[in-house]
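Here the structure is laid out as structure tokens; the discussion comes afterwards.
One-based numbering along the sequence shown. As a basis for the values below, the full set of heavy atoms in this structure was taken, side chains included, without hydrogen atoms, waters or symmetry mates.
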Amino acid sequence: MSAPSLSAPNVSSNVQDRFLAGQMDAAMDARRLRSQAVAAFTADALVSAASAFKAAIARLKSWNERRATFAELESLDDRILADIGLSRSEISQVASGHYVRDLQDYRQNAIEAVKEAANQDRNRNAA
């Protein structure tokens, strides 16, 4: 068999084929990179949307809990509120979670309540 001849048209055709193959490889690499970037962007968007949804649900649950607490305390009469150490003006603070009882006043009120109960017992026993 005779060796193939390398004439000018065959050489230029071979170079063109390699050049086209290189361009196709570059195009495929570009498509792969673009697909990866789109996938990463989509994943990040979904994670962000999910966390925003979770935060909204948490805020909704918190709001509903505050609303229910307010409604429950509002339905109590003044005597029961006084028994638990609250007044009507403090209900919104308690429901919102911003109520801080002064411990010194709380201790003093508890001591006075115990003394009053002891005096009432003494008065009943004396009678």
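The closest side-chain heavy-atom distance from Gln23 to Leu20 is below 4.5 Å. Proximity of Met28 to Arg32: side-chain heavy atoms (C-beta onward) are nowhere separated by under 4.5 Å. Two residues are said to be in side-chain contact when any heavy atoms from C-beta on lie closer than 4.5 Å; Lys54 and Ile57 fail this criterion.
For the pair Ser35 (side chain) and Arg31 (backbone), a donor-acceptor distance under 3.5 Å is present. Although no hydrogens or angles enter the test, the distance criterion places no donor-acceptor pair under 3.5 Å between the side chain of Glu72 and the main chain of Thr69. Under a 3.5 Å cut-off, the side chain of Arg88 and the backbone N or O of Glu74 do form a donor-acceptor pair.
In terms of heavy-atom proximity, Gln93 sits nearest to Ser96 at O-OG, 3.1 Å. Nearest heavy-atom pair across Leu81 and Leu73 is CD2-O, 4.0 Å.
If you check the side chains of Asn119 and Arg122, you find a donor sitting under 3.5 Å from an acceptor.
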**Item:** Worked check of side chain to side chain contact (heavy atoms under 4.5 Å, CB included) between Ile91 and Leu86
**Value:** CA-CA 7 Å; Ile91 290 176; Leu86 294 177; 5.5 Å; no

**Request:** Give the intermediate values and the outcome of side chain to side chain contact (heavy atoms under 4.5 Å, CB included) for residues Asn123 and Gln120.
**Result:** CA-CA 5 Å; Asn123 291 340; Gln120 289 176 356; 5.6 Å; no

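One finds the CD atom of Gln36 at 12.0 Å from the CZ atom of Arg34 (value rounded to the nearest 0.5 Å).
Residue Ile84 is grouped with residue Val94 when hydrophobic side chains (ILVMFWY) are merged at heavy-atom distances under 4.5 angstrom, including chains of intermediate members.
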